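Each ligand, and each atom within it, is numbered from 1 in the order the structure gives. Since the model is a prediction, treat every value here as computed from it, not as a measurement.
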Amino acid sequence: MGKVHVVDHPLIQHKLTLMRDIATPTQTFRQLLNEIGMMLCYEVTRDLPTEPVEVETPLGRTMKPQLSGKKLVFAPILRAGVGFLDGMLELVPAARVAHIGLYRDPVTLQAVEYYFKAPSDVAERLVIVMDPMLATGHSAIAAISRLKERGVHDIRFVCLLAAPEGLATFQAALPDVPVWTAAIDDHLNDHGYIVPGLGDAGDRIYGTK
Ligand code: URA
């Protein structure tokens, strides 16, 4: 079973509570998501390999660590996943980006793909797939399955909130993909929304409601 990392850092939890508040305006919501994205990026990259390299400081030569191993691709699931992207790129500016466009069929709640664009060497990279809400799990599973079809086998998933039901579905379908989330909420309602959650993440990021 893929490991689930709940990142319960007090700064993240504080910002998440502000995001849940119905009174939080769009601009603040977007800013907070970017800030949490940056902090989750810090956690999801915590075990990246390093190798010693020689560096000359003003006081002499020394061997110190530098990132080694696979290069990164950030893969936001459109559209809410893009809300995480700037924060993540702030920390890893050299990362490439793959966009995966999925929408949720309102009746079946299944993910339908409408866009996919990834770097040509995506299969050789570590891909961090991001979507704020892991609700039913269908979108995340569809996006990651698409990446796997392209030959990617080193994948991590980052979200802000997960529903226990979606997490179980995700882990059953993708036992090799670890998950980072800021919280696991109570349940999924009949409309596929996370409760208590924060509402529709896309609408709150982009002010479309
Ligand atoms: N997508 C959202 O934006 N919010 C939810 O609660 C579930 C899915």
H9 (side chain) donor-acceptor with L11 (main chain) under 3.5 angstrom:
yes
With sequence neighbours left out, write down each residue that passes ring-ring contact (aromatic ring centres under 6.0 Å, His included) with F157, or none if nothing qualifies.
F170
Decide yes or no for L32 and N34: does some side-chain heavy atom of the first lie under 4.5 Å from some side-chain heavy atom of the second?
no
As a test of reading the model: which residues have a non-hydrogen atom less than 4.0 Å away from ligand 1?
R104, M133, A135, G192, Y193, I194, G199, D200, A201
Ignoring hydrogens and geometry, is there a side-chain-to-backbone donor-acceptor pair from Q13 to V7 under 3.5 Å?
yes
R46: what forms a side chain to side chain donor-acceptor pair (under 3.5 Å) with it, not counting sequence neighbours?
E43
Which residues satisfy the salt bridge (Lys or Arg N to Asp or Glu O under 4.0 Å) test with R30, sequence neighbours excluded?
none
